[in-house]
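A short worksheet on the structure shown next.
Computed from a predicted structure; not experimentally measured.
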Amino acid sequence: MLKKVNTLLILVAVFVMTGCGIYSFTGASIPAEAKTVSIQHFPNNANLVNPLLSDMITNTLRDYFMNQTTLDEVSDNGDLAIEGEIIDYKTAPTAITGDQVAALNRLSITVNVRFYNRYDESKNFEQKFTQYDDYPSTQDLNMVQETLVANICDKLCQDIFNKAVVNW
């Protein structure tokens with residue numbers, strides 16, 4: 001009997017917390033009043049431009065919010081709003097062998113992000129996020145670029161999502 005009561009109390013607590021919009025099973029902590037999110041297109045201002053990168057970052061970030069929150073997406077002036085730009089896209093050697101030859105190269109992407117929370121301005125921020133992926137120097141960047149960029153975008157968007165709405 002006691003076990004059933006404890007289970008019921010836990011279920012009620014989870015229901016109340018998720019129903020109020022305070023907590024979700026993804027770890028997102030969003031004000032109960034917040035109903036919408038707007039994510040602006042991320043222009044590519046890097047010196048080296050990957051023509052698919054702007055759309056990939058923007059769409060991946062939108063997917064994170066649509067799949068992991070109950071917020072509705074609006075074109076602008078959301079209760080939570082994100083905007084930013086890609087500021088760096090580069091590849092560089094990262095692991096040098098004994099004969100001064102690169103064993104690995106690193107593709108890095110940096111975005112500058114501004115986040116606005118209409119209901120809790122203390123959560124607002126502007127921050128640069130950088131992620132990278134390494135690839136063997138024996139591979140041409142053009143051959144692995146699509147996979148690398150997808151992996152990096154996913155890591156960047158996870159970082160942005162966590163900073164914006166996951167308060168761990």
Side-chain angles (χ1 to χ4, degrees), residues 17-18 21-94 104-137 139-168:
M17 287 190 304
T18 57
I22 296 170
Y23 183 79
S24 75
F25 287 115
T26 63
S29 178
I30 299 169
E33 311 90 328
K35 304 295 182 217
T36 61
V37 62
S38 58
I39 299 170
Q40 301 304 310
H41 190 263
F42 276 61
N44 196 335
N45 297 334
N47 289 332
L48 180 60
V49 174
N50 177 324
L52 304 176
L53 188 57
S54 288
D55 286 342
M56 189 176 289
I57 286 181
T58 304
N59 292 333
T60 302
L61 190 56
R62 286 176 178 158
D63 288 347
Y64 262 89
F65 276 84
M66 295 303 94
N67 294 331
Q68 297 188 37
T69 72
T70 59
L71 298 171
D72 293 322
E73 185 178 2
V74 294
S75 58
D76 31 88
N77 297 320
D79 297 330
L80 305 181
I82 297 175
E83 60 183 42
E85 54 279 334
I86 300 157
I87 59 174
D88 198 20
Y89 181 92
K90 67 181 176 187
T91 185
T94 184
L104 289 175
N105 289 321
R106 175 170 290 171
L107 177 63
S108 300
I109 301 172
T110 302
V111 294
N112 187 56
V113 176
R114 290 170 296 284
F115 172 76
Y116 306 98
N117 182 327
R118 177 176 293 166
Y119 298 106
D120 187 354
E121 291 184 7
S122 70
K123 303 289 185 191
N124 294 356
F125 66 83
E126 180 170 2
Q127 181 176 326
K128 292 178 183 165
F129 294 85
T130 301
Q131 281 292 343
Y132 63 86
D133 225 349
D134 295 336
Y135 62 99
S137 61
Q139 294 180 323
D140 181 52
L141 177 60
N142 292 325
M143 300 301 289
V144 295
Q145 187 168 222
E146 186 176 331
T147 301
L148 294 172
V149 168
N151 291 340
I152 295 168
C153 283
D154 189 58
K155 290 189 274 187
L156 281 169
C157 291
Q158 180 70 54
D159 289 349
I160 295 164
F161 180 83
N162 287 344
K163 174 72 176 176
V165 297
V166 179
N167 299 313
W168 291 353

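- Looking at residues two or more places apart in sequence or on another chain, you find a side chain to side chain contact (heavy atoms under 4.5 Å, CB included) between Glu83 and Gln40, Arg114, Tyr116.
- In this structure, CG in Asp63 is found 9.0 Å from CD in Glu73, a value given to the nearest 0.5 Å.
- Looking at residues two or more places apart in sequence or on another chain, you find no side-chain hydrogen bond (donor to acceptor under 3.5 Å, both in side chains) involving Glu146.
- Applying the ring-ring contact (aromatic ring centres under 6.0 Å, His included) test to Phe125 and every residue at least two apart in sequence or in another chain returns Phe115.
- With respect to the salt-bridge test (charged N to carboxylate O, under 4.0 angstrom), the residues Lys35 and Asp79 do not qualify.
- Annotation: ring-ring contact (aromatic ring centres under 6.0 Å, His included) contacts of Phe65 (sequence neighbours excluded): Phe161.
- Two residues are said to be in side-chain contact when any heavy atoms from C-beta on lie closer than 4.5 Å; Glu85 and Asn112 meet this criterion.
- Annotation: side chain to side chain contact (heavy atoms under 4.5 Å, CB included) contacts of Tyr132 (sequence neighbours excluded): Arg106, Ser108, Asp134.
- Between Leu107 and Ile152, the closest heavy-atom pair is O-CD1, 3.3 Å.
- Between Thr69 and Val37 there is no side-chain heavy-atom pair separated by less than 4.5 Å.
- In this view, Thr147 satisfies the side-chain hydrogen bond (donor to acceptor under 3.5 Å, both in side chains) rule with no residue, not counting sequence neighbours.
- Annotation: side chain of Val111 is in contact with side chain of Ile160 (closest heavy-atom distance under 4.5 Å).
- No side-chain heavy atom of Asn105 sits less than 4.5 Å from a side-chain heavy atom of Leu141.
- With sequence neighbours excluded, no residue satisfies salt bridge (Lys or Arg N to Asp or Glu O under 4.0 Å) with Lys128.
- With sequence neighbours excluded, no residue forms a salt bridge (Lys or Arg N to Asp or Glu O under 4.0 Å) with Asp72.
- Between Gln131 and Asp154 there is no side-chain heavy-atom pair separated by less than 4.5 Å.
- Partners of Asn142 by side chain to side chain contact (heavy atoms under 4.5 Å, CB included), not counting sequence neighbours, listed by chain and number: Asp140, Gln145.
- Every residue meeting the side-chain hydrogen bond (donor to acceptor under 3.5 Å, both in side chains) condition with Asp120, not counting sequence neighbours, appears here in chain and number order: Ser122.
- With values rounded to the nearest 0.5 angstrom, Tyr119 atom OH is found 9.0 Å from Leu80 atom CG.
- Taking the side chain as every heavy atom from C-beta outward, Leu71 and Thr36 never approach each other to under 4.5 Å.
- Listed for the Ser38 side chain is no donor-acceptor partner under 3.5 Å among the backbone atoms of Asp76.
- Note that CD1 of Ile86 and CE of Met56 are 10.0 Å apart. Values are rounded to the nearest 0.5 Å.
- How far CD1 of Ile30 is from OG1 of Thr70: 6.0 Å, rounded to the nearest 0.5 Å.
- Under a 3.5 Å cut-off, the side chain of Arg118 and the backbone N or O of Ala81 do not form any donor-acceptor pair.
- With sequence neighbours left out, Ser75 forms a side-chain hydrogen bond (donor to acceptor under 3.5 Å, both in side chains) with no residue at all.
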Name the atoms and distances for all side-chain donor-acceptor pairs under 3.5 Å in residues 41-55, with sequence neighbours left out.
| unit_1 | atom_1 | unit_2 | atom_2 | d |
| --- | --- | --- | --- | --- |
| His41 | NE2 | Asp55 | OD1 | 2.8 |
| Asn44 | OD1 | Ala46 | N | 3.1 |
| Asn44 | ND2 | Asn50 | O | 3.4 |
| Asn50 | OD1 | Leu52 | N | 2.9 |
| Asn50 | ND2 | Tyr89 | OH | 3.2 |
| Ser54 | OG | Phe42 | O | 2.8 |
| Ser54 | OG | Asn44 | N | 3.3 |

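- Interatomic distance, Ile82 CD1 to Lys163 NZ, rounded to the nearest 0.5 Å: 12.5 Å.
- Note that CG of Asp133 and CG of Leu104 are 10.5 Å apart. Values are rounded to the nearest 0.5 Å.
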